[in-house]
**Q** 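Here's a structure for you.
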Amino acid sequence: MVVIRDIIITGLLLGGIFALVSVGLSLQYGVGRVMNVAHGEFIMIGSFVTFWLFGSTIHLDPLVSILITAPLTFVIGWILHATLFRRLMDTSPTLDVFEGKSMLASFGLLYVVQNIARIIWGSQNYQVMYLNRTVTGAQIPLNRLVALGVVIVIGVVFYIFLARTRMGKAIRASSQDPTTAGLMGVNINSVLAVCFGLGVAMAGIAGSLLSTLYAIQTSMGLQYTVIAMIVVVLGGLGSVSGAMIGGVVLGIVSQIVTYFQPTWTLIAYYLVFILLLLVRPKGIMGK
Amino acid sequence: MNIKRLTPARWAASGLLLVVFIVLSLLPTLTQGYLVTLLTDILRYVVLTVGWMIFSGPTNYMSLATAAFYGVGFYIAAVFNGPLPFVAVIIIAGAVSFVMALVVGALTLRLRGVYFAIFTFALTLMVTSVVLEVERVVTGTRGRFVVTESTQTAYYAMLIVTIVTLVMAVLIRRSRYGLALQSIGQYEEAAAHSGINVVLTKVMVFAASAFVMGMAGAIIATRRTYIDPGIAFSLNTSFWPVLMALFGGMGNLVGPVIGAAVFTYLGELLLTRFPDLYMLIFGVVLILAIAFMPRGIVGLAEQVWGKIRGGRGAPA
Amino acid sequence: MLEIEGLSTGYGRVQVLWDLCLKVEEGEFVALVGANGAGKTTLLKTISGVIKPWSGSITFLGKRIDTLHANDIVDLGLSHIPEGRKLFTDMSIKENLEMGAYPKRTWKERRETMKWVFSLFPRLEERAGQLARTLSGGEQQMLAMGRGLMSKPRLVIIDEPSNGLAPRVVSEVFDILGSLHKEGITILLVEQNVRQTLATADRAYVLENGRIALQGSCTFLRESDHVRKAYLGL
Amino acid sequence: MHLLEGEGVTRYFGGLAAVSDVDFYVDQGEILGLIGPNGAGKTTLFNLISAALKPKPGRIIFKGRDITPLPAYKICRLGIARTFQTVKIFADVPVIRNVMVGALFGTGHYVSSAQARKKAEEALEFVDLTPLKDIPAGDLTLAQQKRLEMARAIASEPELLLLDELMAGLTPTEVTEAMSDVAQLRSRGITVIMIEHVMQAIMKISDRIIVLDYGKKIAEGTPEEVAANPQVIEVYLGEECDA
Amino acid sequence: MMQDEQDPKTTEESSIASRPVSRRQFLKYAGLAGAAIGASGALGGILSACGGEEETTTTAAPGTTVAAGPTPPAQDKFVIGGARPISGMYAMFEQAHFGPAYKIWVDDMNAAGGINIAGKKLPVELKVYDDQSDLDTCMRLMTKLMEEDKVDWLLGPQSTAFLFAGAGLAQSRGYVLCSAEGGATTLEAEMAKGSLPLFFQFLNYSNHYQLPVFAEIMQELGAKTVSIVYLEDLHGIEYSSQAQLFFPSAGIEILSSTSIPFGIKDVSSIVKKWQGENPDVVCGFVYPEQYILVLQTMIQLDYNPKAYLAGPGGSTEVVYNVFQGAADGIMFEGAWSPKQSPAAQAYYEKFIAKVGDKANVDFWGPLIYGAELEFIQKCIEKAATLDHQKIAEVLRTAHFPTIMSDDMFMTAQILDRSCYAGQIGQWQNGYPQVIDPGAKRTAEIWYPKPTWKEAAKSSTSSTT
């Protein structure tokens, strides 16, 4: 029983982390159709900015540093979309072509971002030690709990943003039918750039928190991109709530497998993913 | 029936091709050393890129499983080279990749667009993890020593596989199956209603492209002394052929060949001249190429040539 | 109000519209009829900025709009109610209407405008919280029209509103178009239902193979053999 | 025995019946017209016959054989070819090779490339596209693309041809030409089912007409019978509203 | 000079498991190629190429320009080349452990006027390519360095797997390969077979010294039980399997041995398992990424074994700093300590000056590499030639004093155990100490290690 309880609790916490690294990608693909292979690189940027601020003289609290990483990464994302991806959109005859090209372009982006970071921060492992204790009484690591909390907050805030605000509604409308949204007066290009920026900002926030959870190094990005891809496909591409559910599913699967045989964990990820794609290609939440 | 289409330009092209192959086949006697190694590597990417193009070019299915098929070939060579003759090993490697692609293709080719790309991507990762775990459990270690072949043996083997790949690519392109593939890529539904067995065609050609990838893997493995799953199934092997094809231009077969050659050589040049900045420059070049050269080097050349000839550029 | 001159456009390499001229005066109710594939929808899409013209000009309220993006054209007071409703099916009726009022100019007044729209389509008000996909075909068309009116347009261009609707509902749609027209809204209507269209509109253009084949008052066209033959098979 | 026969053919899309319990048949050498308002289920019925969709429930029988479970390419090879409402040509492929696809793969027996080319040329001749045979199909006008689809279908040597809005967007002269093409098809022994909005054409050329509305068959008979049917007039032509 | 030339049949790849290529086989390929091209000319070309194959295939090795005897070489510089992981997953090793050592050596050499070959001082040039931590690229670049650039000396590649592949490659090209970075028992077996006469191993690793020494330490401390976690990579697999050999024979029981994959994101179930097993010692044969996760989880769950042995990277101050001193008392594979000797202290300061940040200094490798390069240099100078075969002879038998040891020498192509500064280290108050039994020990062992809280409190870690 204790084992099952542990698996569920740690699985949930891990699921929160997985959801955290995935929501941004889900948004980028869901609205903008960019399967951003460089997603993990922006997580890395968030991590290192947080680490840098933490280590600097102001010794900034990692949670507070989100206030810096989020806008910073948002602007990077916005600019990238307004230049690179918009150009690809304009020059691609069909959506399929755009999806392929944007995926490959983001692969180039991966190289660029990662290597700029390597030149700045080197190749060492670092981590921000923050809240590295458990909630008294229960064996729940505080930093993971905070991460779960943040992803829930992001989820709720984002939900409210989508449901209540003018821009949020425009994003939803654009993801369902961009052409008609344009007929309503929505400037699709700016919505897409904002969405891409938001996706990158979410990666930045995830990075801030990850820097308190795991060793960070400038080559860490791809592994998180892969996790995010799996989670996002599990939950259904483009669904933010799907990313949450996909994250939790993967987290619990991961903990069950780790309990029995840790080296099968990754195999289990891919297996779950591959089976789901074959059985339900649109994901758990997909229509 | 093709004879009437052999215009003087075609004769010249064929002649040039023949000269190129004669030079390539004589090369190891003319020069010894690194050039042969480099050429083997370039030819490897030509095989992978053209192999990838055979299927993904006309159908627009972006396969990222190249590393899986290539890696399987790699592993076959690690296990069987030595006990079995090299030629047999290459053929077995191709055959195993072929069978694997048949199974994978039958399962996945109903997925379209980005789903297919992600699936093949995950497949490569999964094969890596599984092989790694099998090695750990069965052999108690991670990698294997490979019975090596000499530089020249590998070079000639790769040259032959390259020729096989190119011939296969041309034959498929010219044959009815090339037309079928093209139809599938343009309008899968209409292709089915015109009597094309869409599933079988896709799966067979997918498998055929995996065949040459497996062979290329087996040859390169014998140049590596020691291999492990991380080496055999490097993700770069999946992405690079796609980028090379895009870089060279996907319109015809010349594009991927040029793309692979230029890409590999350029990479080498940057890698040795600017080891610190190499990947950064590479990434920038890649992005610029995708954004500004939608039809690759060949497309660009055609456009420039068109402008020179009479101000009328190739249609955009 | 709307003036199109020498307009040519198409998809990819295929030309659909050929050197087309069309005019809609303030307060008019103009219909555009023609066979499937004649280019009616393409024309509307070009007017509203979804498709870029190859050549020619489109002027709306004295302003060239052929170079503008769709979202800027809405802002000027031209609303396009697309074929097949194109509702945001995962959003509620209220939200769909709000999307209609998306331009900054109208967003602030969206509550008042919505009251007006609800008065036109009382059934929508009853179901304001429901998802758009749960509506029946007729209600969906009402919603699409309501949404199109939320931007307080001076000119509404509307594409095949009767498509797939039961006859009773079709007449309802035409009634509403009529009353909108009476409220002073200029209308450019594309329809297959020629009989009813010609009965409601003032003036009509007949589009054939991407060119204007015929134009004139509706009464005239109703008597025209050409129209009768092409559309009614009589 | 009818050439093609459908029994209780039904197909739902998310709770809505696109085609609902339709029985139909067509005999050798007939031209059957299929009419109805937009969204009445005509194209869905074509999709069910050509196996783009499977009827649930329902059966489709071709020359006495139940073809319901067969995949689309086999249906084509058995001799049922079709065109599409929204053209589905291979846009980057030259016109002649578009047609060769039908000849090479659609006939159900081996055809050499040379034979296929010859057949394709004949088919193009038939639809008057011979001068354009070497340009990419995407460069044709929509009307030409429709004809190209017909050529591709003919090249697969069908016994039954499903024509979906062949005449959409044609000028009256072109409609007349298209009508004579269809008549010629019949003289070649090809049975035709056609969906058409151009009434004057379909009324003139069809031997028999089926009217669909909301997925249901509401009328069937000769053109005269159908044209006189008050229900048809109401649903199809819209309520008479006297001004 | 070249082994290959004596036996042309084995061609170039004489080393690990090459197979001669028969003429018959080649004819087969030629036939195939010819058929494929459809041109008899090409067939002839391949046939003649085939003939070429049997004549000579060896490449110009660096020694070929040098005549026998102590005649100075004609060239005017000494190029040392390597394919190194400047980017990718192994880049941290190049950045902190190895790269600086090479640069220091080159600087030192050039400051002294260059390397002295038979009385002629040649300035040293360092040529480093980025292998992107990719074995394929690494092998190609090593080939390029040997065949095209014809460098005078070759640096070993980074990481065990690369070394496996590189050893055979260098052997086949007649190059001496001295490796510090990685190594494993499998390769040792090949060396024992005599198939790698040009390969020399400097770094201490699992069976050859570290685990036996650790077993001795545990015996001394009275530790009876151990639990192991290891990474599913060559290093982890190697160390865990060697532990299975050495620990039981020292009377230490292995309670569990858990393998984990790269990219694992939660190890709490493993730590909880240890809590249940309660071993005296936990060994973590993992890289920093997993080491940080394991340690962090242990701190969170407040699980504190009496001793913890960390794998590669546990010896860097960067990783130590992550825990802000809480890692005090952690033992690590290594090891050396600046306090050991004035030479070690001097080298430590030089190293800091090179990497710019003392947090980046590693206490496993650098001193060994410094000593290795010094040793090699002395051997080359003694050989007074650039002929690798002759240098190898000197390497095999020479004794030289270096910064690490007064008497440095190879035993069966592996650096002798007595020459190392140490095998196992321990962080004490933010300072690395060698804890090998005997004279090399620089401080008493902290056993049991302090609790996480104590350590964090008492530490005078360099971060503060």
Side-chain angles (χ1 to χ4, degrees), chain A residues 2-3 6-7 9-11 13-14 17-18 21 51 55 111 114-115 118-119 122-129 131-135 139-144 210 212-220 222-224 226-227 250-251 254-267 269, chain E residues 85-96 99 132-133 229-232 258-273 275 287-293 295-297 299-302 313 316-319 321-326 355-357 359-360 452-453 456 463:
Chain A
V2 177
V3 170
D6 274 6
I7 284 176
I9 292 175
T10 55
L13 292 171
L14 192 60
I17 296 165
F18 288 167
V21 300
F51 167 76
Y111 284 144
Q114 183 177 325
N115 284 281
R118 181 177 55 78
I119 289 164
S123 315
Q124 279 286 14
N125 285 274
Y126 302 100
Q127 190 182 353
V128 175
M129 274 299 140
L131 300 177
N132 190 24
R133 51 195 145 87
T134 45
V135 179
Q139 287 193 327
I140 298 175
L142 203 54
N143 50 4
R144 289 188 178 215
L210 280 190
T212 73
L213 296 168
Y214 298 115
I216 58 168
Q217 68 279 78
T218 45
S219 59
M220 71 192 241
L222 193 61
Q223 58 167 317
Y224 291 107
V226 171
I227 289 176
L250 195 68
S254 166
Q255 285 310 91
I256 294 171
V257 178
T258 306
Y259 179 77
F260 292 105
Q261 175 54 275
T263 42
W264 292 355
T265 314
L266 295 189
I267 300 177
Y269 290 180
Chain E
I86 292 171
S87 63
M89 65 180 287
Y90 297 126
M92 73 168 278
F93 296 108
E94 172 68 7
Q95 185 193 344
Q132 306 170 277
S133 306
V229 61
Y230 67 96
L231 190 64
E232 198 182 25
T258 313
S259 68
I260 55 171
F262 278 103
I264 191 162
K265 292 292 167 228
D266 189 301
V267 292
S268 58
S269 61
I270 299 167
V271 173
K272 281 174 191 160
K273 185 166 74 179
Q275 279 177 320
Y287 289 141
E289 195 185 330
Q290 298 82 25
Y291 163 57
I292 289 173
L293 180 62
L295 224 58
Q296 187 190 14
T297 310
I299 293 172
Q300 283 170 348
L301 299 179
D302 200 23
T316 62
E317 205 163 322
V318 165
V319 175
N321 283 349
V322 164
F323 295 97
Q324 292 157 5
V355 294
D357 179 4
N360 261 331
W452 304 113
K453 279 196 188 114
T463 41

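Per chain, numbering begins at 1; letters A, B, ... match sequence-line order.
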**Q** Please say whether more than 12 non-hydrogen atoms of neighbouring residues, nucleotides or ligands are located less than 6.0 Å from OH in Tyr259(A).
**A** no
**Q** Which one of Ile216(A), Thr258(A), Thr265(A) has the most heavy-atom pairs closer than 4.5 Å to chain E?
**A**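 Going by pairs under 4.5 Å, I would pick Thr258(A).
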**Q** Do Asn125(A) and Val322(E) come close enough that some side-chain heavy atom pair is under 4.5 Å?
**A**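 Not in contact.
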**Q** Non-hydrogen atoms of chain E under 4.5 Å away: do they reach the side chain of Ile227(A), the backbone, both or neither?
**A**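 Only the side chain of Ile227(A) comes within 4.5 Å of chain E.
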**Q** Which answer fits Ser268(E), side chain, backbone, both or neither, if we ask what part of it has an atom under 4.5 Å from a heavy atom of chain A?
**A** side chain
**Q** Answer with yes or no whether the side chains of Tyr224(A) and Lys265(E) bring together a donor and an acceptor at under 3.5 Å.
**A** yes
**Q** For the interface with chain A, which of Val318(E), Leu293(E), Thr297(E) has the highest count of heavy-atom pairs at distances below 4.5 Å?
**A** Val318(E)
**Q** May I ask you to name which of Ser269(E), Pro261(E), Gly313(E) has the most heavy-atom pairs under 4.5 Å with chain A?
**A** Pro261(E)
**Q** Return the option, out of Met220(A), Arg144(A), Gln217(A), with the maximum number of heavy-atom pairs under 4.5 Å with chain E.
**A**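 Highest number of heavy-atom pairs under 4.5 Å: Arg144(A).
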**Q** Measure Phe323(E) against the heavy atoms of chain A and call it side chain, backbone, both or neither at under 4.5 Å.
**A**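 For Phe323(E), backbone and side chain are both near chain A.
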**Q** How far does CD1 of Ile264(E) sit from OG1 of Thr263(A), to the nearest 0.5 angstrom?
**A** 8.5 Å
**Q** Which one wins on heavy-atom pair count under 4.5 Å against chain E: Ile17(A), Val226(A), Asn143(A), Ile267(A)?
**A**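 Among Ile17(A), Val226(A), Asn143(A), Ile267(A), the one with the most close pairs to chain E is Asn143(A).
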**Q** Considering only heavy atoms, which portion of Leu231(E) lies under 4.5 Å from any heavy atom of chain A: side chain, backbone, both, or neither?
**A**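 Neither part.
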**Q** Who are the side chain to side chain contact (heavy atoms under 4.5 Å, CB included) partners of Gln114(A), not counting sequence neighbours?
**A** Glu41(A), Leu110(A), Ser219(A)
**Q** Give, for atom CD of Gln127(A) and atom CD of Glu289(E), the distance between the pair rounded to the nearest 0.5 Å.
**A**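 Here the interatomic distance stands at 10.5 Å.
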**Q** Is Gln124(A) in contact with chain E via its backbone, its side chain, both, or neither, using a 4.5 Å heavy-atom distance?
**A**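 Both parts, backbone and side chain.
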**Q** Does any backbone or side-chain atom of Gln296(E) lie under 4.5 Å from a heavy atom of chain A? Answer side chain, backbone, both or neither.
**A** both
**Q** Which bit of Lys272(E) is near chain A, if near means a heavy-atom gap under 4.5 Å: side chain, backbone, both or neither?
**A**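 Only the side chain of Lys272(E) comes within 4.5 Å of chain A.
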**Q** Answer whether the closest heavy-atom distance between the side chains of Asn115(A) and Ser87(E) falls below 4.5 Å.
**A** yes
**Q** Who passes side chain to side chain contact (heavy atoms under 4.5 Å, CB included) against Ala91(E), sequence neighbours left out?
**A** Ser123(A)
**Q** What residue, out of Ile260(E), Asp266(E), Ile292(E), Thr316(E), has the most heavy-atom pairs lying under 4.5 Å from chain A?
**A**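 Of the candidates given, the most pairs with chain A belong to Asp266(E).
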